[in-house]
Q: 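I have a structure here, written as structure tokens, and I will follow up with some questions on it.
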Amino acid sequence: MTIQLGTIAPDFTAETTAGKIAFHDWAAGQWVVLFSHPKDFTPVCTTELGEAARLKPEFDKRGVKVIGLSVDTLDRHEGWAADIAETTGSTLNFPMIADTDKAVSTLYGMIHPAADAALTVRTVYVIDPAHKVRLTLTYPPSTGRNFLEVLRVIDSLQLTDRSKVATPVNWQPGEKAIIVPSLSDADAKERFPQGWNAQKPYLRWVDVA
């Protein structure tokens with residue numbers, strides 16, 4: 001199947017390094033980052049898992065649970081975890097799914113027909129507390145993922161969910177946002193009593209926490 005933005009992330013049960021989980025129950029009403037790997041003991045993904053583990057306090061601050069996936073077995077995951085700790089200095093501190101029968105990979109469309117059928121595509125899914133998919137990013141094998149960008153997008157999603165704003169190009173937390181066009185000036189005055197700068201009638205810059 002094709003996972004599209006706004007659709008409900010499919011539920012599943014799977015064995016992980018933290019025990020068997022039912023995905024929606026495990027998410028427990030929090031944001032989730034689910035990211036897949038072609039297989040264990042791959043160089044780029046080794047660096048990525050170490051970085052995700054290092055950044056776990058940042059994900060925790062945002063109420064985000066992290067979970068990885070590979071089609072290899074739990075015992076290989078454990079061996080890979082030792083390599084990750086040795087090479088990156090970060091100990092794996094989130095579950096890794098052992099998708100040995102490729103059930104989750106197939107459910108999420110992580111197997112591309114034109115690629116090696118034994119390998120999952122390197123995709124990141126950001127899923128909100130209502131289990132809706134809010135972001136998908138698919139990377140080529142040769143390019144490491146940017147988890148600082150994943151955090152930035154989560155910051156944007158969480159801000160725009162609670163305020164009638166959008167975030168502009170290269171936005172970082174603390175910078176000005178844009179009042180969405182669907183909000184009239186009259187309604188904007190109630191929501192943003194601090195005022196805003198209208199560069200154009202449709203481009204209204206506002207400070208919002």
Side-chain angles (χ1 to χ4, degrees), residues 1-53 55-56 59 64-88 90-145 147 150 154:
M1 66 179 293
T2 300
I3 304 295
Q4 296 181 324
L5 298 186
T7 60
I8 298 297
D11 197 13
F12 58 84
T13 58
E15 296 291 345
T16 81
T17 52
K20 190 171 185 177
I21 67 164
F23 182 58
H24 283 186
D25 290 342
W26 174 84
Q30 291 185 259
W31 290 79
V32 172
V33 170
L34 165 64
F35 64 116
S36 59
H37 306 277
K39 60 181 179 178
D40 292 3
F41 302 101
T42 50
V44 173
C45 293
T46 297
T47 66
E48 292 174 336
L49 285 164
E51 179 68 355
L55 289 172
K56 188 172 183 295
F59 287 110
V64 179
K65 302 180 83 168
V66 177
I67 188 166
L69 176 147
S70 171
V71 297
D72 280 336
T73 58
L74 285 177
D75 61 320
R76 285 181 61 83
H77 283 3
E78 291 167 2
W80 194 19
D83 281 5
I84 291 162
E86 178 186 347
T87 58
T88 71
S90 296
T91 300
L92 275 188
N93 46 20
F94 53 85
M96 279 285 293
I97 297 167
D99 189 31
T100 54
D101 61 359
K102 304 184 184 68
V104 180
S105 305
T106 302
L107 183 64
Y108 274 72
M110 295 176 185
I111 306 292
H112 280 194
D116 186 337
L119 305 180
T120 59
V121 177
R122 298 175 60 250
T123 301
V124 180
Y125 303 91
V126 173
I127 300 163
D128 71 16
H131 306 306
K132 288 185 178 180
V133 176
R134 303 294 297 277
L135 174 76
T136 63
L137 290 169
T138 300
Y139 285 76
S142 58
T143 303
R145 284 171 270 211
F147 282 96
V150 174
I154 291 169

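Residues: numbered from 1 along the sequence shown.
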Q: Would you say that Phe94 contacts Leu49 through its side chain, given a criterion of any heavy-atom pair below 4.5 Å between the two side chains?
A: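 In short, these two side chains touch, coming nearer than 4.5 Å.
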Q: Restricting to non-hydrogen atoms, name the atom on Val33 and the atom on Val124 that form the minimum distance, rounded to 0.1 Å.
A: CG1-CG1, 4.0 Å
Q: Considering all heavy atoms of both residues, which atom of Gly50 and which atom of Thr88 are nearest to each other, and what is their separation?
A: CA-OG1, 3.5 Å
Q: If you compare all heavy atoms of Asn93 against all heavy atoms of Ala53, which two are closest, and at what distance to 0.1 Å?
A: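 Closest approach of Asn93 to Ala53: ND2-O, 3.1 Å.
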Q: A side-chain contact here means heavy atoms from C-beta on lying under 4.5 Å apart; do Tyr108 and Ser36 qualify?
A: no
Q: When you measure from the side chain of Thr87 to the backbone N and O of Asp83, does any donor-acceptor pair fall under 3.5 Å?
A: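 Yes; judged by distance alone, with no hydrogens or angles, the pair exists.
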Q: Going by heavy atoms in the side chains, are Phe35 and Phe147 under 4.5 Å from each other?
A: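 Side chain of Phe35 against side chain of Phe147, heavy atoms only: contact under 4.5 Å found.
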Q: Which pair of non-hydrogen atoms, one from Leu69 and one from Met96, has the smallest distance, and what is that distance?
A: N-SD, 4.0 Å
Q: Minimum heavy-atom separation for Thr42 and Thr46, please, with both atom names.
A: O-OG1, 2.7 Å
Q: Please, which pairs that meet salt bridge (Lys or Arg N to Asp or Glu O under 4.0 Å) have at least one residue in residues 11-31, sequence neighbours excluded?
A: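 Matches after skipping sequence neighbours: none remain.
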Q: Mind checking the CD1-CG spacing from Ile154 to Asp128? Nearest 0.5 Å is all I need.
A: 11.0 Å
Q: Quick check: do Ile21 and Pro95 have side-chain heavy atoms less than 4.5 Å from each other?
A: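 Not touching, per the 4.5 Å side-chain cut-off.
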Q: Hey, what do you get for CH2 (Trp31) to CG (Leu135), rounding to the nearest 0.5 Å?
A: 10.0 Å
Q: Whether the side chain of Arg122 engages the backbone of Thr143 through a donor-acceptor N/O pair (distance < 3.5 Å, no angle test) should be reported.
A: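 Judged by distance alone, yes, a pair lies under 3.5 Å.
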Q: Test your reading of the model: is there a side-chain donor-acceptor pair from Lys65 to the backbone of Trp26, 3.5 Å cut-off?
A: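 Confirmed, Lys65 side chain pairs with Trp26 backbone.
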Q: Roughly how far, to the nearest 0.5 Å, is CD1 of Ile127 from CZ of Phe23?
A: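 Rounded to the nearest 0.5 Å, the CZ-CD1 separation comes out at 4.0 Å.
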Q: Taking only residues two or more places apart in sequence, or in another chain, which ones meet His77 in a ring pair (Phe, Tyr, Trp, His ring centres under 6.0 Å)?
A: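 Ring pair (Phe, Tyr, Trp, His ring centres under 6.0 Å) list for His77, sorted by chain: empty.
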Q: Closest approach of Ile8 and Ala130, non-hydrogen atoms and distance?
A: CD1-O, 3.6 Å
Q: Can you find a heavy atom in the side chain of Met110 that is under 4.5 Å from one in the side chain of Asp99?
A: no
Q: Below 4.5 Å, heavy atoms only, C-beta onward: do Val126 and Val64 meet side chain to side chain?
A: no
Q: So, taking the atom named CG in Asp72 and the one named OG1 in Thr100, what distance separates them when rounded to the nearest 0.5 Å?
A: 9.5 Å
Q: What distance do Thr16 atom OG1 and Leu74 atom CG have between them, rounded to the nearest 0.5 Å?
A: 7.0 Å
Q: Any side-chain heavy atom of Trp80 within less than 4.5 Å of one from Leu92?
A: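 They are not in side-chain contact.
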Q: Indicate yes or no: at least one non-hydrogen side-chain atom of Tyr139 is less than 4.5 angstrom from one of Glu48.
A: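 Not touching, per the 4.5 Å side-chain cut-off.
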Q: Can you measure from OG1 (Thr138) to CZ (Arg145) and round to the nearest 0.5 angstrom?
A: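 If we round to the nearest 0.5 Å, Thr138:OG1 and Arg145:CZ are 9.0 Å apart.
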